[in-house]
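Heads up: the structure comes next, in structure tokens.
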Amino acid sequence: MKPGETKEIYIYNTLSGEKEKFEPLNPPFVGMYVCGPTVYNDVHLGNCRTFISFDVVFRYLQHIGYKVRYVRNITDAGHLENDADEGEDKIAKKARLEQLEPMEVVQRYTVGFHRIMERFNVLPPSIEPTATGHIVEQIQMIKKILDEGLAYEVNGSIYFDVKKYMEKEPYGELSGRNVDELIAGSRELEGQSEKRNPLDFALWKKASPTHIMRWESPWGEGFPGWHLECSVMSTKYLGEVFDIHGGGMDLKFPHHECEIAQCTAAHHKKPVRYWMHANMLTLNGKRMSKSTGNTLLPQEIFSGQNPFLSKPYSPAVVRFFMLQAHYRSTLDISDEALAAAEKGFRRLMDAVALLPELKAAEKSTFDVRAAVQKVYDALNDDFNTPIAIAELFEIVRIINLMNTGQESLTASDLLYLSERVKALVHDVLGLEDDTRATTDTSKLDAVIQILIEMRQKARADRNFALSDQIRDQLLKAGIQLKDTKEGTTYTLL
RNA sequence: GGUUCUGUGGCCGAGGGGCUAGGCAGAGGUCUGCAAAACCUCCUACACCGGUUCGAAUCCGGUCGGAACCUCCA
């Protein structure tokens, strides 16, 4: 990569509430951790948006020359049913309901998750660790926090002592919470809780006799708490301090706040330099919720099998649609919005496909470098994909004008434009045209050429009934003819 | 109820004190035998009510929607 186009990157850091210049701890290396899915259910479309957003971050950082280690975990244990930490392990519950082994549930939904990610063209992370694979490390971290005197044991469970922690460190910085207000706002748990303080959270939970997922620990059989795995796995693979931590907005509090507390308690260092949070996805202006039926699964979009959709939309179209909004804004998905995105996506893809067809000229009639630079400027500004795409559409217009001979480029400018546009569209935005037939079309091509020639002859003979019949019937078969000055071309719809 | 964010043209969305993206849809035009595609032109908006300012969609306050989290509940 020759990042001549790139200057500095600015990232909105949730911690400061401002865009900050990105300076990795150990350039050219970048450590990035993103909270992955809990695999007790199908991936939620909102999760997909988060992972697509961070996929672009991952891709762009690599594109401009960083060596990124991207860690995204799989939560396959430990998430409890409610924040009172009194609930049943979600995975264990699902297993009981479906009469499956917990790991069977985990396996099923992990595979499903990977399949969906692949369809969205989300790159696999560098490391995808699981919570159950790091029980030993989690126990070690709990010991450390106990040694620091910042956790306490009650009946075989360990809780983090937020009040004690706050004597030395702030808690609530990331989410902007005022702890006194939180305490005032939280209801006493009527003596049900083992916690000394409602804000305390579990590091380790004693397993009830019926609890299936359980591990040996110094405090008896149990399972790790809600927030611990991310602290443990980010530390193990990225170090005690690393560059970027991402996740959905909904994880800001308490999950990420707890992560900071755990790491700081154990290592005396703030773990993360840049916190990034992706915003939520709404459906038809309302939050998605199973209970109200306002939901949409990825596979339902791909198949069109959902009452909110008039037709199926390809994964690339959905990805493109999501990238047309900034990751920090809420995004509303609807059939109408997807249909509009699909048209725009095709326009972009058609222009990219046109690039190899363009002919170089004596001189350039516009500034390619400036046009490309604008795309980079947008991405450098907190990964602003909607502006990047808007600038790409300016380039699309120019490509189309070149195609009709109204603009021209020298061979070197054309090569530059071609390389950059392809890199930005395919490598950075991760957009591949999956809306057209991609199988081998060489034979089909020959057949269509015959039909095009026959139609040309009919047109020359002014037999328009025949020429239109050929065109219209091809269109019905999903083949669209386009008459240009240079001759007739076609696209497979 | 509390904390935080948010409300942009027919739709989706950037931007964020004066220069006012982009996509889709719509209208007109060029091209075409007619279409399609492409290109050109047009439609020029910032929830509401006050305030600050020479000037506000952009800042401040209030009202009303929406969202996230806390709480509650499953």
Side-chain angles (χ1 to χ4, degrees), chain A residues 14 17 46 81-84 87 172 174-189 198-199 248-257 277-291 317 320-326 328-348 350-351 354 374-375 378 381-382 384-407 458-465 467-468 471-472 474-475 479-486 488-491 493:
Chain A
T14 310
E81 199 70 288
N82 64 47
D83 189 51
L174 182 71
S175 53
R177 303 276 158 157
N178 179 311
V179 173
D180 293 331
E181 279 170 4
L182 280 171
I183 292 170
S186 66
R187 207 169 280 178
E188 278 307 322
L189 291 160
L199 290 185
M249 209 76 115
D250 51 340
L251 297 179
K252 236 200 281 188
F253 187 89
H255 183 60
H256 291 334
E257 211 71 72
H277 289 95
N279 217 135
M280 302 290 106
L281 185 72
T282 57
L283 174 59
N284 297 313
K286 297 267 184 254
R287 66 174 296 193
M288 286 198 217
S289 149
K290 267 181 225 156
S291 55
V317 166
F320 175 77
F321 165 74
M322 289 180 174
L323 295 181
Q324 273 193 303
H326 186 81
R328 279 192 290 116
S329 300
T330 52
L331 171 64
D332 188 51
I333 193 168
S334 64
D335 187 57
E336 205 181 354
L338 283 170
E342 182 173 60
K343 293 260 180 76
F345 177 71
R346 286 211 170 135
R347 185 171 146 80
L348 179 62
D350 286 348
L354 217 48
K374 283 183 179 170
V375 184
D381 183 14
D382 197 27
N384 199 321
T385 53
I387 291 184
I389 289 171
E391 296 298 345
L392 280 170
F393 274 112
E394 293 302 321
I395 294 175
V396 164
R397 210 184 84 246
I398 287 163
I399 290 172
N400 286 328
L401 283 168
M402 283 183 71
N403 191 229
T404 53
Q406 290 163 274
E407 297 274 6
R459 291 175 76 197
D461 296 344
R462 303 194 67 79
N463 184 354
F464 296 124
S467 69
D468 287 357
R471 183 183 66 204
D472 296 344
L474 280 174
L475 185 63
I479 296 159
Q480 184 176 65
L481 298 186
K482 296 176 183 176
D483 293 333
T484 69
K485 283 199 177 110
E486 287 75 36
T488 301
T489 61
Y490 69 92
T491 39
L493 299 179

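To find a chain, count down the sequence lines: A is the first, B the second, and so on, and within it residues start at 1.
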* hbond_proxy D468(A) side chain to G33(B) base (donor-acceptor, 3.5 Å cutoff) -> yes
* **Pairwise C1' distance, C64(B) and U41(B) [rounded to whole Å]** => 39 Å
* R347(A)/N400(A) under side chain to side chain contact (heavy atoms under 4.5 Å, CB included): CA gap, chis, key distance, verdict -> CA-CA 10 Å; R347(A) 185 171 146 80; N400(A) 286 328; 4.1 Å; yes
* To do: Look at the aromatic rings of H277(A) and H256(A) and report parallel, tilted or perpendicular, splitting at 30° and 60°.
  => tilted
* Asked: Should C34(B) form a Watson-Crick or G-U wobble pair with both distances under 3.5 Å, which nucleotide is its partner?
  -> none
* Send over the distance from K252(A) NZ to U4(B) C1', rounded to a whole Å. => 7 Å
* **Pairwise C1' distance, G15(B) and A68(B) [rounded to whole Å]** => 23 Å
* May I have the distance from R328(A) (atom CZ) to G16(B) (atom P), rounded to whole angstrom? => 10 Å
* Structure fact -> note: Q406(A), atom CD; C39(B), atom P; distance rounded to Å ~ 9 Å
* Using the C1' atoms only, state how far A14(B) lies from A45(B), rounded to an integer number of Å. => 13 Å
* Asked: Which nucleotide, in any strand shown, forms a Watson-Crick or G-U wobble pair with C43(B), with both distances under 3.5 Å?
  -> none
* Determine, step by step, whether R397(A) and F393(A) satisfy the side chain to side chain contact (heavy atoms under 4.5 Å, CB included) criterion, reporting the C-alpha distance in whole Å, the side-chain angles of both residues, the deciding distance to 0.1 Å, and the verdict. => CA-CA 6 Å; R397(A) 210 184 84 246; F393(A) 274 112; over 6 Å; no
* Inter-nucleotide C1' distance (C19(B), U52(B)), Å rounded -> 23 Å
* Asked: How many Å lie between CD1 on I333(A) and P on G13(B), as a whole number?
  -> 10 Å
* What is the distance from CG of L281(A) to C1' of G66(B), rounded to the nearest Å? -> 14 Å
* To do: Please state the P separation for the pair A56(B) and C69(B) - nearest whole angstrom.
  => 38 Å
* Asked: Taking for each residue the nucleotide of RNA chain B with the nearest heavy atom, is it V396(A) or R287(A) whose nucleotide lies nearer the 5' end?
  -> V396(A)
* Asked: When you measure from the side chain of L331(A), which nucleotide among A36(B), A14(B), G13(B) comes out closest?
  -> G13(B)
* Find the distance M288(A):CE to G66(B):P and express it as a whole number of Å. => 17 Å
* Within the pair R397(A) and C40(B), is there a side-chain N or O less than 4.0 Å away from OP1 or OP2? -> yes
* Taking only N and O in the side chain of S329(A), is any of them less than 4.0 Å away from OP1 or OP2 of A14(B)? -> yes
* What's the shortest heavy-atom distance between A337(A) and F321(A), and which atoms? -> CB-CE1, 3.6 Å
* How many Å lie between CG on D332(A) and C1' on C12(B), as a whole number? -> 8 Å
* Partner nucleotide, any strand, of G1(B) [Watson-Crick/G-U, under 3.5 Å] -> C70(B)
* Donor-acceptor contact below 3.5 Å, side chain E257(A) vs main chain S175(A) -> yes
* How many angstroms lie between atom CE of M249(A) and atom OG1 of T14(A), to the nearest 0.5 angstrom? -> 7.5 Å
Every protein N/O within reach of nucleotides 21-30 of chain B N/O, cut-off under 3.5 Å:
unit_1 : atom_1 : unit_2  : atom_2 : d
A25(B) : OP1    : K343(A) : NZ     : 2.9

* **Pairing partner (Watson-Crick or G-U wobble, both distances under 3.5 angstrom) of G10(B)** => C24(B)
* Output yes when a side-chain donor or acceptor of D381(A) lies under 3.5 Å from a complementary backbone atom of N384(A), and no otherwise. => no
* Pairwise C1' distance, G62(B) and G26(B) [rounded to whole Å] -> 38 Å
* Closest-nucleotide ordering on RNA chain B, the 5'-leading residue of Q480(A) and A465(A) -> A465(A)
* Asked: Taking CG from L392(A) and P from G13(B), how many angstroms apart are they, rounded to a whole number?
  -> 20 Å
* Asked: Taking the side chain of R471(A) as its heavy atoms from C-beta onward, which of G33(B), C34(B), A67(B) lies nearest to it?
  -> C34(B)
* Asked: Paired with A57(B): which nucleotide, if any, by Watson-Crick or G-U wobble criteria at under 3.5 Å for both distances?
  -> none
* Side chain of K286(A): nearest nucleotide among A67(B), A14(B), C69(B)? -> A67(B)
* Structure fact -> Side-chain atoms of P254(A) come closest, of G13(B), C69(B), A38(B), to C69(B)
* **C39(B) OP1/OP2 closer than 4.0 Å to side-chain N/O of N400(A)** => yes
* When only distance counts, do a donor and an acceptor, one from the side chain of R177(A) and one from the base of C69(B), lie under 3.5 Å apart? -> yes
* Between A21(B) and U44(B), how far apart are the C1' atoms? Round to whole Å, please. => 13 Å
* **Candidates G15(B), C40(B), C70(B) - which lies nearest the side chain of N384(A)** => G15(B)
* To do: Write down the distance separating the P atoms in G9(B) and C48(B), rounded off to the nearest Å.
  => 10 Å
* Using purine N1 to pyrimidine N3 plus N6-O4 or O6-N4 for Watson-Crick, or N1-O2 and O6-N3 for G-U wobble, both under 3.5 Å, which nucleotide pairs with U52(B)? -> none
* Roughly how far, to the nearest 0.5 Å, is the CZ atom of R346(A) from the CZ atom of F320(A)? -> 12.5 Å
* With the side chain of M280(A) defined as its heavy atoms from C-beta on, choose the nearest nucleotide among A36(B), C70(B), A68(B). => A68(B)
